[in-house]
Asker: 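Structure in C-alpha cells, see below.
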Amino acid sequence: MEAQPQRSVTDEPAPVPVPVTPGLIAELTARGETVAVAESLTGGLVVATLVDVPGASAVVRGGVVAYATPIKHELLGVDAELLATNGAVDPEVARQMAVGVRTALSVDGEPATWGISTTGVAGPDPQDGKPVGTVFVGIASADGVEAHELHLDGDRDAIRHATVSELLARMSSTIRGRE
C-alpha cells in the first residue's frame with residue numbers, strides 16, 4: 001500500500017474571543033444562572049463565542065439558529081402576523097425570540113434564566129426595507145425583555161462579529177445592573 005502524502009491544513013486564525021465573554025460566563029456561573037441563545041444573522045456565532053470559554057457548559061443551555069423567518073415562528077413562538085407585517089428585522093421580533101428561546105431550551109420544565117437573540121441585516125443586500133447593518137438584539141429574563149437597535153458598519157463578516165460583541169457586552173451590563 002502506497003503511503004498517503006502528509007497534508008497540513010492551514011486555517012484562518014481563530015477569532016479573538018470577545019473580551020467580556022469569560023467574565024460573563026464566570027458571572028452566570030457564580031449566580032447559578034443559565035443562558036439560551038436564538039440567532040438569525042449571526043448563524044451560531046454567539047453560542048460558539050460563549051462555548052469557547054472553559055466552563056461554559058455549566059451555564060449555556062444551547063442555541064437555536066432561526067435563520068429562515070418561518071423558524072422564528074415555529075420554534076421560538078414569534079408572532080406570525082408580526083413577521084408578516086414587519087419582517088424579521090424588528091425590535092419586537094428580537095424580544096420575542098429572546099423570550100421564546102428561554103422556553104424552547106427549558107430543562108425539566110425550567111426555562112433558561114436568560115434568553116438572548118440576534119436578528120438583522122448583515123448584507124450584502126437590504127432586507128425587509130432595512131439597510132445593511134441594521135440589527136436588533138434581545139435580552140430576556142423572568143423580569144422582562146428588552147431590545148437594542150444597532151447600526152453597524154462593515155462587510156457581512158464584520159457586522160456579524162460586531163453583533164456578537166455588542167450583544168454580549170449588553171448582556172454583561174444587564175446582569176451587572178441587576179445587582
Side-chain angles (χ1 to χ4, degrees), residues 15-21 23-24 27-28 33 35-50 60 63-105 111-178:
V16 177
V18 177
V20 72
T21 309
L24 176 58
E27 186 68 28
L28 289 169
E33 296 179 343
V35 63
V37 184
E39 300 185 64
S40 185
L41 84 150
T42 49
L45 287 174
V46 175
V47 169
T49 300
L50 289 169
V60 177
V64 173
V65 176
Y67 202 69
T69 298
I71 300 302
K72 293 169 180 64
H73 170 69
E74 294 293 328
L75 290 181
L76 300 172
V78 176
D79 183 73
E81 188 174 320
L82 171 68
L83 290 166
T85 303
N86 295 8
V89 183
D90 182 82
E92 185 58 26
V93 171
R95 285 185 201 91
Q96 289 186 22
M97 288 174 67
V99 168
V101 78
R102 288 184 66 231
T103 304
L105 298 182
T113 312
W114 296 95
I116 58 177
S117 67
T118 67
T119 188
V121 187
D125 300 316
Q127 178 185 338
D128 300 331
K130 306 287 191 325
V132 172
T134 303
V135 174
F136 296 95
V137 296
I139 301 172
S141 71
D143 296 331
V145 60
E146 60 194 36
H148 302 276
E149 184 171 359
L150 310 174
H151 297 279
L152 304 171
D153 294 319
D155 64 11
R156 184 175 176 78
D157 191 54
I159 290 168
R160 292 173 70 229
H161 282 88
T163 299
V164 173
S165 296
E166 287 287 335
L167 173 58
L168 296 180
R170 288 170 192 267
M171 172 73 180
S172 188
S173 285
T174 300
I175 289 174
R176 283 194 314 271
R178 289 182 68 197

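Residue indices begin at 1 and follow the sequence shown.
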Asker: Answer yes or no: is there a side-chain heavy-atom contact under 4.5 Å between Met97 and Val93?
Answerer: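 Yes, at least one pair of side-chain atoms sits under 4.5 Å.
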Asker: Between Arg176 and Ser173, is any side-chain donor less than 3.5 angstrom from a side-chain acceptor?
Answerer: yes
Asker: Side-chain contact test, heavy atoms from C-beta onward, threshold under 4.5 Å: evaluate it for Asp128 versus Asn86 and give yes or no.
Answerer: no
Asker: Does either side chain, that of Thr174 or that of Glu146, offer a donor lying less than 3.5 Å from an acceptor on the other one?
Answerer: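 Side-chain D/A pair, Thr174 to Glu146: present.
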Asker: Is any side-chain heavy atom of Leu50 closer than 4.5 Å to a side-chain heavy atom of Thr21?
Answerer: yes
Asker: Are the side chains of Leu76 and Gln96 in contact, using a 4.5 Å heavy-atom criterion?
Answerer: no
Asker: Donor-acceptor pair, Arg95 side chain versus Gly138 backbone, under 3.5 Å?
Answerer: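 A pair under 3.5 Å: no.
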Asker: Is Ser172 reaching over with its side chain to a backbone N or O of Leu168, donor-acceptor style, under 3.5 angstrom?
Answerer: no
Asker: Working to the nearest 0.5 angstrom, can you tell me the gap between Glu33 CD and Ile175 CD1?
Answerer: 6.0 Å
Asker: Do Ile139 and Leu167 have side chains that get closer than 4.5 Å, going by heavy atoms?
Answerer: yes
Asker: I'd like to know if the side chain of Arg156 and the backbone of Pro124 have a donor-acceptor N/O pair within less than 3.5 Å.
Answerer: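 Not confirmed, Arg156 side chain does not pair with Pro124 backbone.
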Asker: State, yes or no, whether a side-chain contact exists between Val99 and Thr103 at a heavy-atom distance under 4.5 Å.
Answerer: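 A side-chain contact is absent here, since even the closest heavy-atom pair is not under 4.5 Å.
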Asker: Do Val137 and Thr163 have side-chain heavy atoms sitting under 4.5 Å apart?
Answerer: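 Val137 vs Thr163: side chains touch.
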Asker: Look up atom CG in Asp90 and atom OG1 in Thr134, then write down how far apart they are to the nearest 0.5 Å.
Answerer: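 OG1 of Thr134 is found 11.5 Å from CG of Asp90.
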Asker: State, yes or no, whether a side-chain contact exists between Val135 and Glu149 at a heavy-atom distance under 4.5 Å.
Answerer: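 Contact flag for Val135/Glu149 side chains = no.
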